[in-house]
There are 4 protein chains.
Amino acid sequence: MAGSVNKVILVGNLGKDPEVRHSQSGQKIVSFSLATSDTWNDRQSGERRERTEWHKIVVFNERLADVAERFLRKGRKVYLEGSLQTRKWQGQDGKDNYTTEIVLPRFGGELTILDTRHTEEGEQSGGYSNAPRNSGTRNNGGQAGGWDAPQSNAGLDDEIPF
Amino acid sequence: MAGSVNKVILVGNLGKDPEVRHSQSGQKIVSFSLATSDTWNDRQSGERRERTEWHKIVVFNERLADVAERFLRKGRKVYLEGSLQTRKWQGQDGKDNYTTEIVLPRFGGELTILDTRHTEEGEQSGGYSNAPRNSGTRNNGGQAGGWDAPQSNAGLDDEIPF
Amino acid sequence: MAGSVNKVILVGNLGKDPEVRHSQSGQKIVSFSLATSDTWNDRQSGERRERTEWHKIVVFNERLADVAERFLRKGRKVYLEGSLQTRKWQGQDGKDNYTTEIVLPRFGGELTILDTRHTEEGEQSGGYSNAPRNSGTRNNGGQAGGWDAPQSNAGLDDEIPF
Amino acid sequence: MAGSVNKVILVGNLGKDPEVRHSQSGQKIVSFSLATSDTWNDRQSGERRERTEWHKIVVFNERLADVAERFLRKGRKVYLEGSLQTRKWQGQDGKDNYTTEIVLPRFGGELTILDTRHTEEGEQSGGYSNAPRNSGTRNNGGQAGGWDAPQSNAGLDDEIPF
DNA sequence: TTTT
DNA sequence: TTTT
């Protein structure tokens, strides 16, 4: 369509360390879950209520995927801009399922880290996570259907983007 | 969470006339599908490509629900702001399904009509739709599980919001 | 700063045809004024009130400057994203003055045309303006301090971006 | 105008403690300066460059003015949404001057605190500022043209909004 | 699965 | 005047 806008702006915290995989053409793709939450006072009970929303984020933008891989960890707070995209996929029962993701496309999107404590790749996540980087769910030894292991950052300049 | 933001900004066109229902407490709820589209030149084939994305919009905000009911019709272009919300529901097979919607909550959200041609409730939709208002999918005669019929606009001031 | 965001989102109408100039390095820069307006009911008098706000827009992004030069005219409605920037300049009396602009930077920003009627460069602006393109304020014959005349669009692909 | 949008989204840090004044009708108005910054690598020198932008924020929204007065201090990082508004004022030389501000209006705007360390009113600002609250620039003893002293928060519920 |  |  002509003249349309599809923009999502989120500020939230990562639920886990990001996952890194690569497309067949070798492009790095970084995924993570981001939590946002609303709090309000229930009008009837007067109680404080909270609803947490989980968002699936997928980063195709090369520079931002590098930043995400190197600096994002469980618990960190980020600002990001992306677009809504709903994927259709087949469950094992052959039925259609739909998943809506926030995509930071090849050319576009924004990603800014909002808390200052940072952990470079290879370090422990410290207060953010008990798991060392390059382990666990992010490195499954190349099993079918899983993520690739993280790649070296050789060639990424050494600027810390925050 | 504390310090989180969950905001969606869309500019797109309605795929159909909006649907109006009411909650048990009598609150009007207006729903519609909004199309946005990306166009780009395929790098390999050089062809012009287009991807249309459909978004499910749900308006709880009272004032904006009134505007949506009275002035939105199939084809109209709108600007809106809402929040992402994913609902879990059970399919007939008992399986969990998830649907992500853009919600304009009771207190919040924005909705602005961007094309000037307008059709008041009760008129024909003209170029926007062949279906008369107050018919079709929006009025199912009160069947179980369906939408309620649209209500009178008595009490809505007569300002046209665009 | 590290973790900052500076974003403006506007939907409004051009007050005049855009002005096109070129930097010393030959980069095209397109400027225009955009009107937005708020309407509300005055609480005391009950009267309908309106306030129009004028925004100064400056487009450095090459692709968007091309779009702006070719397709934007007085009266057209656009969606745009840019950043706030305040410039300091000296008045003739030697005093400092400040002007705040919305900048679409070299690499970034968005610009989307929201009304469909379009006028290519060289055509009359029709309903949008009585002035022919390539005239008036936009072409001052190269006087000191003025804008350069618009350049040819040779090399701009022929896609209409809306 | 019909169908316009005027929205600013900022994430930045306060340059000083906020200033609190009251309108003639008794409405609290909170003002502060917010810094955002861009960093980039200069293409010619290859040097790291930074440009800080200062934004004038004015909060009319009652709830958000309370939050700003109670919890914002020099150095804190916030997310906010407002609208651009340019005010005309007369300098002492009788000349017109213009100042552009980001306004969080009576009914609207957003303000979210993004760093967790917080200081309630009456406490020292601690790491954020050496100045005690309720002093300095924020309280000028009621001099002509200055801000009023901060008011009591009686009536503000005790929820900490972050 | 996050955060306060 | 902030922050990294």
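The sequence lines fix the lettering, A, B, ..., with proteins before strands; numbering per chain opens at 1. These values consider heavy atoms only, across backbone and side chains, with no hydrogens, waters or symmetry-generated copies.
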Next on the checklist: Looking at every non-hydrogen atom in both residues, tell me the closest pair between D/K7 and C/L10 and how far apart they are.
Outcome noted: N-CD2, 4.3 Å
Rounding to an integer number of Å, can you tell me how far [X] [atom1] sits from [N] [atom2]?
X      : N     : atom1 : atom2 : answer
A/D115 : E/dT3 : CG    : P     : 10 Å
A/L10  : E/dT1 : CG    : C1'   : 16 Å
A/E50  : E/dT1 : CD    : C1'   : 14 Å
A/R76  : F/dT4 : CZ    : C1'   : 12 Å
A/I57  : E/dT1 : CD1   : C1'   : 13 Å
D/Y79  : E/dT4 : OH    : P     : 20 Å
A/K77  : E/dT1 : NZ    : P     : 19 Å
A/F71  : F/dT4 : CZ    : C1'   : 12 Å

Next on the checklist: Could you walk me through whether D/W89 and D/T99 satisfy the side chain to side chain donor-acceptor pair (under 3.5 Å) test, starting with their C-alpha distance in whole Å, then the side-chain angles of each, then the deciding distance to 0.1 Å, before giving a yes or no?
Outcome noted: CA-CA 8 Å; D/W89 52 279; D/T99 297; 2.7 Å; yes
Checklist entry - E/dT3, F/dT2, F/dT1: which one has an atom nearest the side-chain heavy atoms of D/T52? => result F/dT2
Checklist entry - What nucleotide among E/dT2, E/dT1, F/dT3 has an atom nearest to a side-chain atom of A/S33? => result E/dT1
Checklist entry - Stacking here means centres under 5.5 Å and planes under 30°; does D/W54 stack on F/dT1? => result yes
Item to check | Trace of the salt bridge (Lys or Arg N to Asp or Glu O under 4.0 Å) decision for A/E47 with A/R49 | outcome: CA-CA 6 Å; A/E47 288 173 353; A/R49 308 241 0 219; 5.6 Å; no
Next on the checklist: Show, in sequence, the C-alpha distance, side-chain angles and deciding distance for D/R76 and D/D115, and conclude whether the salt bridge (Lys or Arg N to Asp or Glu O under 4.0 Å) test is met.
Outcome noted: CA-CA 7 Å; D/R76 297 213 64 166; D/D115 45 5; 3.1 Å; yes
